[in-house]
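In what follows, a single structure is set out as structure tokens and then discussed.
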Amino acid sequence: MIRTVESQPSASAPVLAAYSYCETVTGQQARNFAYGIRLLPTPKRRAMSALYAFSRRVDDIGDGPLADDVKAARLEDTRALLTRIREGAVEEDDTDPVAVALAHAAAHFPIPLGGLDELIDGVQMDLRGETYETWDDLKVYCRCVAGAIGRLSLGVFGTEPGARGVERASEYADTLGLALQLTNILRDVREDAGNGRTYLPADDLAKFGCSAGFAGPTPPEGSDFAGLVHFEVRRARALFAEGYRLLPMLDRRSGACVAAMAGIYRRLLDRIERDPEAVLRGRVSLPGREKAYVAVRGLSGLDTRHAARRTVGRRA
């Protein structure tokens, strides 16, 4: 069972400033994520912001304009910084606010920092230009860049005492990460193609006549693009259904956070399913009012209760 410290961790002025920096980064660059973590108590919200800010740094290296050899060197520098954090070698007056905040968070929550090594591994896969023949191949990448984030987050959330099936909590957190990442891949298929990246499995692309890729605002000639999207949507929905079994294992506010973040992506999935070609015309997103509704729904515990009923039903 994963437990967290529920009391407010003491924090010095430099640490509070470091957390404030991470929360600013999160609010400006991760609106979907920010909608979820605002439902958390302050210590957990700050820790999640530190995790996001470090993860964002890794992603920005991979997605930035630098030459690949420079990116590779910076990723190794970031891995070395992570080692310093893990070893408790980052002082509160360090000039890197992300390192300061993450070091403080890791000292107060059982965060499995190895997940951030996995994230770096995933970005290195992007640098190598790896493609994926099958869903099993793609899952390896998704577990690095998203499943690991689910497991890291679980270190902050903790689990409720006496929760049934809690030994599988990490597995469900990982699966939710896969669901979110597959949704991201569908949403960004045109943008990724423009950057020379293809994530959807090659055998799925071939099955639906889409091996030519997605260079323009219309599907490849003669393809069943809608069929491909609907196939991947069904896969993502199955992952969400499995991952949602985590919700009854979390306290109310942590469960609300997860339900809000996952709910936003499930609604994105609904939009993509209704109009598959929209992902070729531009980025599909939700308006703020709909995100707010999802957050309120998460805080109500409705999704958690539904997940609990489904779990009990499966055991009956």
Under a 4.0 Å N-O cut-off, is there an ion pair linking Arg84 with Asp96? no
Which donor-acceptor pairs under 3.5 Å do side chains of residues 58-69 form with protein atoms, sequence neighbours excluded?
residue: Asp60; atom: OD1; partner: Arg56; partner atom: NE; Å: 3.1
residue: Asp63; atom: OD1; partner: Arg197; partner atom: NH1; Å: 3.0

Quiz item: cation-pi between Arg266 and Tyr244, 6.0 Å / 45°: yes
Validation row: Phe225, Leu280 side chains within 4.5 angstrom (heavy atoms): yes
Under a 3.5 Å distance rule, please check whether Ser223 uses its side chain to pair with a backbone N or O of Pro220 as donor and acceptor. yes
Start with the C-alpha distance between Arg45 and Glu23, add both sets of side-chain angles, then the distance that settles salt bridge (Lys or Arg N to Asp or Glu O under 4.0 Å), and finish with yes or no. CA-CA 8 Å; Arg45 189 188 71 244; Glu23 290 191 279; 2.5 Å; yes
For residues Asp126 and Tyr141, is any side-chain donor paired with an opposing acceptor at under 3.5 Å? yes
For Thr175 and Glu242, run side-chain hydrogen bond (donor to acceptor under 3.5 Å, both in side chains): C-alpha distance rounded to whole Å, both residues' side-chain angles, the deciding distance at 0.1 Å, then the answer. CA-CA 7 Å; Thr175 300; Glu242 182 72 6; 5.8 Å; no
Please determine whether the number of non-hydrogen atoms from other residues, nucleotides or ligands lying under 6.0 Å from atom CZ of Arg289 exceeds 12. no
Quick one: salt bridge (Lys or Arg N to Asp or Glu O under 4.0 Å) pairs with a partner in residues 204-217, sequence neighbours left out? Asp204-Arg235
Side chain to side chain contact (heavy atoms under 4.5 Å, CB included) partner of Gln124, the single match among Lys71, Glu76, Glu130: Glu76
Lys/Arg N to Asp/Glu carboxylate O, Arg168 vs Glu171, below 4.0 Å: yes
I'd like to know if Arg86 pairs up with Asp117 as an ion pair, taking the criterion as any Lys NZ or Arg NE/NH1/NH2 lying under 4.0 Å from an Asp or Glu carboxylate oxygen. yes
Under 3.5 Å, side-chain donor or acceptor atoms of residues 271-278 against the rest of the protein: list the pairs with distances, not counting sequence neighbours.
residue: Arg271; atom: NH1; partner: Ser285; partner atom: O; Å: 3.2
residue: Arg271; atom: NH2; partner: Glu290; partner atom: OE1; Å: 3.0
residue: Glu273; atom: OE1; partner: Arg237; partner atom: NH1; Å: 3.2
residue: Glu273; atom: OE1; partner: Arg237; partner atom: NH2; Å: 2.9
residue: Glu273; atom: OE2; partner: Arg237; partner atom: NH1; Å: 3.2
residue: Asp275; atom: OD2; partner: Arg281; partner atom: NH2; Å: 2.5

Verify the cluster assignment for Val123 and Val70: are they in a single hydrophobic cluster under the rule of side-chain heavy atoms below 4.5 Å apart? no
Check ion pair Asp136-Lys139 (N to O, under 4.0 angstrom): yes
